[in-house]
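Just so it is clear: chains get the letters A, B, ... in the order the sequence lines come, proteins before strands, and each one is counted from 1. All values below were derived from every heavy atom in this structure, side-chain atoms included, with hydrogens, water molecules and symmetry-related copies excluded.
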Protein chains: 2
Amino acid sequence: MGLAERKERDKAELKDTILEAAKSILLKHGIKGLSIRKIANNVEYSPATIYLYFKDKDEIMHELMEMGFKLMNSYMSESISELDPVKRINGIGKAYIKFGLEKKDWYDLMFNSEKPMKHIEKCLEEWDEGMAMFALLAATCKQAIDKLGLQGVNERILALHLWSCVHGLVNLAQTERLEIVEQNNAKELLEKTLDSMMKTIFR
Amino acid sequence: MGLAERKERDKAELKDTILEAAKSILLKHGIKGLSIRKIANNVEYSPATIYLYFKDKDEIMHELMEMGFKLMNSYMSESISELDPVKRINGIGKAYIKFGLEKKDWYDLMFNSEKPMKHIEKCLEEWDEGMAMFALLAATCKQAIDKLGLQGVNERILALHLWSCVHGLVNLAQTERLEIVEQNNAKELLEKTLDSMMKTIFR
DNA sequence: TGAAAATATGAACAGTGTTCATTATATTTG
DNA sequence: CAAATATAATGAACACTGTTCATATTTTCA
């Protein structure tokens, strides 16, 4: 059985190699430059071989997405340990923006590419991750609402409010629509806006 | 000169026909299904002919974008006449969301496709339009700030806050990320969130 | 060593945007 | 009117894209 195991390991290894190649192409050429043929070339296999290890391109993108979520989590992790709910929300928002601006290609892949509905099982897993993230934000919102005595504010709606704010900001920055507001220094503008948002919402 | 004029008119007509074909393909097959060859097929010319009337696909997309902005303006126009600043902002937000949900393909084209930087002149025009829109929102924000006596709030930052909110909401809805928050009825969720946003910000 | 199973690939299909030499049409001039 | 010229349209090609499948190569096992 040792042989069969090594076979399995070899197979998993190549799968990993393909994913690593895909990742490096994503980072080098962006989401638009990511192609099966480039990946195949990179790992020195024929394009057809890729399909022996992945069902299609969507599956590869999906695996990359999970890598992206892990990276994003690492951006958030510091802020999550913050005790004060408002400060925690602020930290999460800052980390979200930082990730969005610094890891444009990852963010593109995770939030601006069409969700591959074909892999329902995989999607549910990912939903879980996203839902857990959102649930955490909502729970923190509840704490903030209680602490500040905000009345008539639903924590899930507030969480969505906050999420759409930072998501919208990152999106507008990435598609270069923010130049309408201010020509240069998107990062500073985003941080300033986040500060103002926090003050306005949790005043 | 009559002949030359008719020639010009004919040329402009074909240009228009091509754009109309592009529009109908956008509405039928979405932004991903919009191709030069489909357009050419639709107007019964060869693909190469398209390039006699437009520099490249970006130029066509850009013209479509302008059509989209006009359509969006028609969604907004009612709300703009509203006198109360907060109500006006609310109306604009509602119209923005309505447009985003009802005209997904247009919205995609206008806000989620890469801005074609090649046509700088054209882009500046469009900037003007967008900047005018944003300036109006910011001016309305100023009125609201004054009326409600909100302190330490910059109107342009507040305008960006509002814009990123609705933009983020529409974006999350379109990329089906809102299912994390609530499985069904995105429209209702968005309106509920907008209401809550307005109450939270202009309380 | 030879049959069977696993793995890899070349070639093709149907698309994409874009270019350019060639052809067809219309206009102007001799 | 016919020939020369200017305008308009196109077929074919290039370099890509994702994906499939019959064929070929390699590895495993009896």
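- Rounded to an integer number of Å, the gap from CZ of A:Phe54 to P of D:dT19 is 13 Å.
- Nucleic acid contact for B:Leu34: sugar-phosphate only, since backbone atoms but no base atoms lie under 4.0 Å from a heavy atom of the residue.
- Atom C1' of nucleotide C:dG15 and atom CD1 of B:Ile25 are separated by 15 Å, given to the nearest angstrom.
- Separating the CD1 atom of B:Ile60 from the P atom of C:dT18 is a distance of 9 Å, rounded to the nearest angstrom.
- Here the CG-CG distance, from A:Leu34 to A:Leu64, works out to 6.5 Å after rounding to the nearest 0.5 Å.
- The two atoms that bring B:Gly93 and B:Leu194 nearest to each other are C-CD2, 3.7 Å, heavy atoms only.
- The 12-atom threshold is exceeded at CD of A:Glu102, counting heavy atoms of other residues, nucleotides or ligands nearer than 6.0 Å.
- With rounding to whole Å, A:Asn41 atom CG is found 12 Å from C:dT9 atom P.
- Between the side chain of B:Arg37 and the base of C:dG17, a donor-acceptor pair under 3.5 Å is found.
- Distance, B:Lys57 NZ to C:dT19 P: 14 Å, rounded to whole Å.
- Listed nucleotides: D:dT17, C:dT16, C:dA8. Nearest to the side chain of B:Ser35: C:dT16.
- Between A:His161 and B:Thr193 the shortest heavy-atom distance is N-CG2, 4.2 Å.
- Counted within 6.0 Å of NZ on A:Lys28, heavy atoms from surrounding residues, nucleotides or ligands total 12 or fewer; the atom is thus considered open.
- Residues from residues 44-53 of chain B lying near DNA chain D, meaning a heavy-atom separation below 4.0 Å, are B:Tyr45, B:Ser46, B:Ala48, B:Thr49, B:Leu52, B:Tyr53 in numerical order.
- The environment of NZ in A:Lys187 is crowded: more than 12 heavy-atom neighbours from other residues, nucleotides or ligands sit within 6.0 Å.
- Rounded to a whole Å, the NZ atom of A:Lys38 is 9 Å from the P atom of D:dC16.
- Residues A:Lys199 and A:Asp195 are not paired through a salt bridge, judged by the lack of any N-O separation under 4.0 Å between the basic side chain and the carboxylate.
- Counting to the nearest Å, the C1' atom of C:dT18 and the CD1 atom of B:Ile36 are 9 Å from each other.
- One interatomic measurement links the two molecules: CG of A:Leu14 to C1' of C:dA8, which rounds to 11 Å at whole-angstrom precision.
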